[in-house]
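Residue numbering restarts at 1 for every chain, and letters A, B, ... go by the order of the sequence lines.
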2 protein chains.
Amino acid sequence: MADLGEASLAGRPVAQAAGAGSPVRIGDVARAAEVSTATVSRALRGLPHVATETRQRVLAVAAELDYRPNLPAARLAAGTTNTIAVAVPDPAAWFNATMVGALGREMTAAGYDLLLSGVANLDERQRFIELNGVRSGRSDAVVLVDVALDEAAAEAFVAQGGRAVSVGFRTKALSSVTIDNVAVGSDATQLLLRHGHRRIGLLSLDSGDSLNFSIPAHRAQGYEQAHAEAGLTPDPALRVSTSNSWAEARRAAHALLQSAERPSAMFAMCDEQAFGIMLAARDLELCIGEDLSVVGVDDHDQSRLVGLTTVRQHVARQGTVAAELLLRMLQPSVEPPQHVQLDTELIIRDSVGPPSVD
Amino acid sequence: MADLGEASLAGRPVAQAAGAGSPVRIGDVARAAEVSTATVSRALRGLPHVATETRQRVLAVAAELDYRPNLPAARLAAGTTNTIAVAVPDPAAWFNATMVGALGREMTAAGYDLLLSGVANLDERQRFIELNGVRSGRSDAVVLVDVALDEAAAEAFVAQGGRAVSVGFRTKALSSVTIDNVAVGSDATQLLLRHGHRRIGLLSLDSGDSLNFSIPAHRAQGYEQAHAEAGLTPDPALRVSTSNSWAEARRAAHALLQSAERPSAMFAMCDEQAFGIMLAARDLELCIGEDLSVVGVDDHDQSRLVGLTTVRQHVARQGTVAAELLLRMLQPSVEPPQHVQLDTELIIRDSVGPPSVD
DNA sequence: GGCCATGCCGCAAACGGTTACAGACACGCG
DNA sequence: CGCGTGTCTGTAACCGTTTGCGGCATGGCC
């Protein structure tokens with residue numbers, strides 16, 4: 001206790017003008033605190049078996065020396081990275097950005113770093129999976145946002161010790177957080193049918209771009225199902241698909257709306273596509289909600305602004321749920337994969353009305 | 001060469017059913033290829049001083065064994081991480097998400113990982129800077145997106161060997177990519193003045209939320225300057241500020257537009273705020289472009305949809321430029337910080353017209 | 001034929017922590 | 001007083017790469 005004063009007198013670390021000269025290592029702290037490196041390691045990480053007095057001395061000395069543990073070294077020795085890797089098809093898309101934001105907030109609070117990868121096609125997906133297996137030590141776990149893995153690949157991944165949670169896609173082997181996409185498609189379509197629409201266009205997502213085929217497929221299924229329940233069969237000509245960019249959606253909608261028997265309403269896979277439809281309608285001087293009804297999915301920040309009726313999914317909540325699943329999964333005790341399905345909600349705005357009489 | 005066949009016969013790696021049993025290490029590859037670990041290391045990384053024949057044998061064996069180098073170990077030994085850490089105030093905001101997307105694309109192509117951190121206030125900024133100094137070995141370089149560092153902090157950071165590029169904020173010690181924010185403010189304001197507006201509201205950004213005070217300050221300066229050039233003095237009552245969320249902007253605009261002498265036009269710091277203004281106008285049944293003119297900044301994806309006149313900044317290009325600066329900075333040769341200023345562009349849409357005669 | 005340059009390759013020492021194991025010490029109890 | 005128990009601490013063996021340096025052929029040249 002006598003020599004404590006020597007080391008930790010000042011309030012702030014000595015400036016030390018290190019100039020990248022000689023980085024302080026754990027041994028330096030140990031020497032200055034007159035303990036072993038083992039004790040320093042334990043003290044700094046809050047592990048038990050360190051006397052309070054000793055711990056405080058170590059803490060003081062470490063602060064004094066402005067010691068920063070070297071991460072790769074710690075990771076190598078401990079075999080854990082405190083990092084999670086997340087794969088998203090397009091980091092700039094609204095859904096993904098919002099998801100990553102929520103996920104990041106939670107994981108940062110829990111002491112994890114977030115490694116972000118854009119994974120836009122099957123090659124990149126393959127690469128991501130290979131690179132982020134446990135064996136590489138790049139990350140402790142992986143979250144796949146709208147990046148589907150087939151059952152075999154998922155099982156292989158966990159068999160090698162990989163941990164993953166999937167967002168938007170359900171696989172037996174992985175924990176997942178999803179919504180009921182059949183219900184999404186059905187709810188949207190039913191709304192349009194109730195308003196009296198009989199020619200309802202379906203703007204689907206390209207399977208080429210998307211790595212998660214099941215989402216558009218299930219929503220389309222809901223669309224079919226709603227028609228069937230009403231005793232109707234949708235015209236296949238009313239079905240087109242694009243990527244999730246509004247620009248492409250606009251082009252596709254433009255073409256469809258100029259066809260001989262144009263739809264009186266459109267259901268789009270996401271609000272960004274719906275925006276594209278609205279732009280196309282504007283081009284053709286069709287009034288939204290009168291000449292053309294539109295329903296999207298997501299409840300994008302801007303949907304309210306343009307009065308878009310949509311099926312809301314709580315994106316941020318999906319992010320926090322994914323984080324919870326991750327943290328649980330990172331515990332030493334192994335649990336079977338968890339599957340969480342969140343509710344969606346139909347949000348009625350101005351973009352839907354009865355079909356105009358031609 | 002004779003034993004090559006033994007190791008690399010098959011097209012794909014043996015399934016090996018590792019079950020996380022015994023990870024393949026570099027020594028295993030070395031043994032199987034009958035070379036030293038040094039040679040394996042060199043061969044796999046494409047370094048010189050390896051005979052072509054040997055290299056191919058090593059490659060084949062490594063593929064056969066499905067070897068994955070352990071990253072922390074490699075990083076510890078090499079003292080480099082091939083990772084860059086990026087700090088953004090809010091990962092979900094459109095500008096940031098788009099920026100991160102572009103940056104990530106470039107850096108991934110160059111073989112770097114992207115570590116994403118939300119840095120929303122000064123404490124988090126402090127923490128980010130401390131955590132990502134060179135000494136921690138967490139990342140090779142840092143990019144600060146709309147997260148300003150004062151001159152002293154920036155110098156201290158580079159003095160310790162840290163490398164950083166700053167986006168949206170210019171500091172002597174750091175490379176930076178910026179736009180001319182005074183011109184942005186001035187261009188937008190001049191447009192409104194030319195249309196005959198005399199009461200132009202300014203929706204600024206909270207300095208509390210934003211870590212980059214200079215952006216709203218400079219734009220406000222352009223606003224003042226444009227007024228001064230026209231021989232006018234803006235009414236301070238027309239100046240409010242919020243965060244960059246449209247919801248807050250909406251509330252603020254709502255209040256301002258209900259005041260006795262309401263502005264006939266508004267200039268917002270970003271398109272998201274402008275959207276909020278447009279919502280407020282809708283609430284009050286004011287017609288955009290007639291009863292109220294609005295100008296934003298960014299050229300957000302949705303701006304076109306709602307006909308928002310705005311000052312476009314090329315976000316993705318800022319991202320690629322930042323990536324170039326980073327890559328140059330990561331070269332062994334030390335260069336002085338580079339400063340790149342990109343052009344902006346006034347995009348005229350429907351949200352601006354002459355003031356309505358009251 | 002000797003010598004030097006050159007190209008490949010291996011040995012072994014880092015890199016900077018973590019942690020199993022054992023030692024030291026104090027204490028309480030029979 | 002001996003012994004078990006429990007708490008604190010140190011010793012040293014890893015963790016899995018990278019890389020400086022030296023060795024050994026080989027080939028060309030004088």
Side-chain angles (χ1 to χ4, degrees), chain A residues 1 3 20 22-59 61-62 65-82 133-138 140 161 332, chain B residues 1 20 22-59 61-62 65-83 133-138 140 161 332:
Chain A
M1 194 60 185
D3 42 10
S22 65
V24 182
R25 286 157 310 177
I26 197 172
D28 301 325
V29 178
R31 212 163 305 122
E34 297 180 340
V35 294
S36 71
T37 62
T39 300
V40 174
S41 176
R42 286 190 275 251
L44 291 182
R45 289 180 305 146
L47 296 184
H49 301 301
V50 177
T52 327
E53 203 175 312
T54 310
R55 182 187 307 274
Q56 290 185 341
R57 178 155 37 100
V58 170
L59 256 36
V61 170
L65 263 40
D66 195 21
Y67 166 68
R68 303 295 158 80
N70 179 286
L71 257 53
R75 289 171 177 176
L76 172 59
T80 192
T81 66
N82 269 32
V134 240
R135 317 229 306 279
S136 75
R138 184 189 303 263
D140 292 342
Chain B
M1 194 61 185
S22 66
V24 182
R25 286 156 311 176
I26 196 171
D28 301 325
V29 178
R31 212 163 306 121
E34 297 181 341
V35 293
S36 72
T37 62
T39 299
V40 173
S41 175
R42 286 190 275 252
L44 290 181
R45 288 180 304 146
L47 297 184
H49 303 300
V50 177
T52 326
E53 201 175 313
T54 311
R55 182 186 309 275
Q56 290 185 340
R57 178 156 36 101
V58 170
L59 255 38
V61 170
L65 263 41
D66 196 22
Y67 166 68
R68 302 297 158 77
N70 179 286
L71 257 52
R75 289 173 176 174
L76 172 59
T80 192
T81 66
N82 270 31
T83 298
V134 240
R135 317 229 306 280
S136 75
R138 184 188 302 262
D140 293 342

(request) Grab the two heavy atoms, one from B:Pro23 and one from B:Asp28, that are nearest each other, plus how far apart they are. (result) O-OD2, 3.9 Å

(request) Select from A:Arg25 and A:Leu47 the residue whose nearest nucleotide in DNA chain C is closer to the 5' end of that strand. (result) A:Arg25

(request) Return yes if some donor-acceptor pair links the side-chain N/O of B:Arg75 with the main-chain N/O of B:Thr81 below 3.5 Å, else return no. (result) yes

(request) Keeping the roles fixed (side chain from B:Arg57, backbone from B:Val35), state whether a donor-acceptor pair exists under 3.5 Å. (result) no

(message) Is the phosphate of C:dG16 approached by A:Tyr67 (side-chain N or O, under 4.0 Å from OP1 or OP2)?
(response) no

(request) Verify the contact: side-chain N or O of B:Ser41 to OP1 or OP2 of D:dT18, cut-off strictly under 4.0 Å; return yes or no. (result) yes

(message) Please confirm whether the shortest side-chain N or O distance from B:Thr39 to OP1 or OP2 of C:dC9 is below 4.0 Å.
(response) no

(message) If you compare every side-chain N and O of B:Arg55 against the phosphate oxygens of C:dC8 (OP1, OP2), does one of them come in below 4.0 Å?
(response) no

(message) Distance check needed: D:dG10 C1' versus A:Glu34 CD, whole Å only.
(response) 14 Å

(message) If I take atom CZ in residue B:Arg57 and atom C1' in nucleotide C:dC8, what distance separates them, rounded to the nearest angstrom?
(response) 12 Å

(message) Just to be sure I understand the rule, does B:Ala74 reach a base, reach only the sugar-phosphate, or reach nothing, if contact means heavy atoms closer than 4.0 Å?
(response) sugar-phosphate

(message) Is there a side-chain contact between A:Arg75 and the phosphate of D:dC15, meaning an N or O under 4.0 Å from OP1 or OP2?
(response) no

(request) State which of D:dC8, C:dG10, D:dT18 makes the closest approach to the side chain of B:Ala78. (result) D:dT18

(request) Could you check how far CZ of A:Arg45 sits from P of D:dT9, rounded to whole Å? (result) 16 Å

(request) Select one nucleotide: of D:dT18, D:dG16, D:dT9, the one nearest the side-chain heavy atoms of A:Val50. (result) D:dT9

(request) Indicate, with a heavy-atom threshold strictly under 4.0 Å, whether B:Arg42 touches base, sugar-phosphate, or nothing. (result) base

(request) For D:dT9, take OP1 and OP2 only and decide whether either is under 4.0 Å from a side-chain N or O of A:Thr54. (result) yes

(request) For B:Arg68 and D:dT17, give me the distance from atom CZ to atom C1', rounded to whole Å. (result) 17 Å

(message) Using heavy-atom distances to pick each residue's nearest nucleotide on DNA chain D, tell me which of A:Ala77 and A:Val35 is more 5'.
(response) A:Val35

(request) Round to a whole Å and report the spacing from CD of A:Glu53 to P of D:dC8. (result) 11 Å

(request) For A:Asn70 and C:dC15, give me the distance from atom CG to atom C1', rounded to whole Å. (result) 8 Å

(request) Would you check if B:Asp140 and B:Thr83 make a side-chain contact, meaning some heavy-atom pair closer than 4.5 Å? (result) no

(request) Mind calculating the distance between CG (A:Leu76) and P (D:dC14) to the nearest angstrom? (result) 14 Å

(message) My understanding is that only residues two or more places apart in sequence, or in another chain, count here; which of them pass salt bridge (charged side-chain N to carboxylate O under 4.0 Å, His left out) with A:Arg55?
(response) none

(request) Using atom NE2 of B:His49 as one end and atom C1' of D:dA25 as the other, report the distance to the nearest whole Å. (result) 16 Å

